[in-house]
There are 2 protein chains.
Amino acid sequence: MNVQEGKDKFIQSWGALGSNWGVSRTMAQIHALLLIAPHALSAEDIMEDLKISRGNANMNIRALMDWGLVYKELKTGERKEFFVAEKDMWDVVKKIIAQRKKKELEPMLKVLEELSAVEGNDPESQNFVQVVRDIKLFSNKANATLDKLVQSDSNWFVKVFMNMI
Amino acid sequence: MNVQEGKDKFIQSWGALGSNWGVSRTMAQIHALLLIAPHALSAEDIMEDLKISRGNANMNIRALMDWGLVYKELKTGERKEFFVAEKDMWDVVKKIIAQRKKKELEPMLKVLEELSAVEGNDPESQNFVQVVRDIKLFSNKANATLDKLVQSDSNWFVKVFMNMI
DNA sequence: CAGAAGTTTCAGAATTAATTGAAAATAAGA
DNA sequence: TCTTATTTTCAATTAATTCTGAAACTTCTG
């Protein structure tokens with residue numbers, strides 16, 4: 001396999017993977033392209049390589065920057081903006097976890113809190129409140145664990161990995 | 001808040017959460033409905049409660065069973081099939097991880113393996129192969145860690161949680 | 001300040017995913 | 001075996017998401 005075929009395949013696969021991770025297909029493809037680029041690319045470069053429109057490129061690059069997966073790089077003497085990807089995979093995973101925790105887990109915790117306020121002495125209400133309480137307990141633990149995980153450095157992952165093996 | 005409002009809100013929120021987890025909105029809603037149901041429900045019950053079509057109910061119940069998140073329950077003397085949800089949250093999370101690992105991580109590992117075969121002595125190829133190798137290393141570790149995690153019992157989670165705090 | 005280079009926005013178009021509903025298949029009972 | 005209850009399938013429809021492209025906006029430079 002030559003390098004161009006390899007790159008294409010990587011971009012395509014990374015895009016497919018990302019689309020299941022709250023990162024849209026194009027977003028993941030841009031990230032993939034930047035991951036394997038030996039140097040920063042401009043919006044124009046990305047548009048050409050992935051054959052996407054200017055608007056699409058712009059919106060997805062911005063989203064990637066919001067997630068902390070891509071950084072802007074300014075070159076002196078150049079007016080254009082260039083972009084590089086976060087290449088440390090542990091960091092990438094942490095940032096995705098942080099985003100999803102904020103956007104998904106935390107709102108759910110809030111809802112579970114509200115649902116604890118359901119009243120009633122009938123068995124139906126009792127059962128409901130019990131289920132909600134169990135889930136809330138679990139979710140709070142998960143939330144705390146993910147917090148630690150997001151704060152931890154790469155070595156943490158290596159350590160846990162070692163312990164498990 | 002009364003119990004009916006509470007149930008509605010729970011189903012709605014759980015559905016929204018699920019739709020970001022490889023579980024479609026309706027699939028997650030059915031799971032939510034079964035989680036808070038004090039006893040097994042028939043397909044008919046689910047259709048009525050969620051106001052969805054027979055086909056939709058059937059397909060999503062089956063998907064939930066494939067994932068191991070819902071079980072069939074046969075009542076003697078009843079011809080209909082009834083369904084109950086897995087209620088242990090740790091088990092639910094493990095099953096979701098197991099599915100996604102199989103459907104996403106493992107295919108990606110296969111692709112990364114193939115991409116290692118890219119040849120060339122030019123800097124571009126060298127860089128590409130290096131990036132792919134880094135990602136592969138990380139992914140293999142993640143894969144092994146998730147394997148252990150999926151095999152582990154609830155206590156494992158509690159232990160890790162305690163260690164982190 | 002005027003013009004050029006670059007970036008952002010967003011309504012409509014295109015694409016992709018989920019849902020319906022009716023027909024086909026299956027299974028149980030008489 | 002035939003009838004009836006129940007489940008499954010899938011083509012057509014509907015809904016949700018993503019992308020385009022042109023116009024508006026911003027920033028830099030002479």
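Below, read A as the first sequence line, B as the second, and so on, with proteins coming before strands; counting in each chain starts at 1. For clarity, every value in this text was computed on a predicted model and none was experimentally measured.
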Rounded distance in Å - CD1 (A:Ile61) to P (D:dC19): 13 Å
Nearest-angstrom distance from the residue atom CZ of A:Arg62 to P of D:dC19: 14 Å
Nearest listed nucleotide, side chain of A:Asn58, among C:dT20, C:dT8, D:dT8: C:dT8
Close residues, residues 64-80 of chain A, relative to DNA chain D [heavy-atom separation under 4.0 Å]: A:Arg79
Lys/Arg-Asp/Glu bridge criterion (N-O < 4.0 Å) met for A:Lys101, A:Asp147: yes
Rounded distance (Å) that lies between atom C1' of D:dA12 and atom CE of B:Met59: 13 Å
Interatomic distance where CZ belongs to A:Phe82 and C1' belongs to C:dT7 [whole Å]: 14 Å
Selection: residues 41-55 of chain A, any non-hydrogen atom under 4.0 Å of DNA chain C: A:Arg54, A:Gly55
Atom-to-atom span, CZ of B:Arg25 to P of C:dT19 - whole angstrom: 9 Å
Flag side-chain contact, heavy atom, 4.5 Å: B:Gln99 against B:Glu104: no
Basic-acidic side-chain contact under 4.0 Å: A:Lys102, A:Glu106: no
Nearest listed nucleotide, side chain of A:Thr26, among D:dT8, D:dT18, C:dT20: D:dT18
Euclidean distance, atom CD of residue A:Glu81 to atom C1' of D:dC28 [Å, nearest integer]: 13 Å
Lys NZ or Arg CZ of B:Arg62 over B:Trp67 ring: under 6.0 Å, within 45°: no
Ionic contact status for A:Lys9 with B:Glu114, cut-off 4.0 Å: yes
Whole-Å distance separating the CG atom of B:Asn56 from the P atom of C:dA18: 10 Å
Closest approach of A:Ser125 to B:Val3 (non-hydrogen atoms, all atoms of both residues): OG-CB, 3.5 Å
Separation of atom CE in B:Met27 from atom P in C:dT19, rounded to whole Å: 11 Å
For A:Phe10, all residues meeting ring-ring contact (aromatic ring centres under 6.0 Å, His included), sequence neighbours excluded: A:Trp14
Hphob cluster co-occupancy, A:Met27 + A:Ile52, side-chain heavy atoms under 4.5 angstrom: yes
Charged N-O contact under 4.0 Å between B:Arg54 and B:Glu44: yes
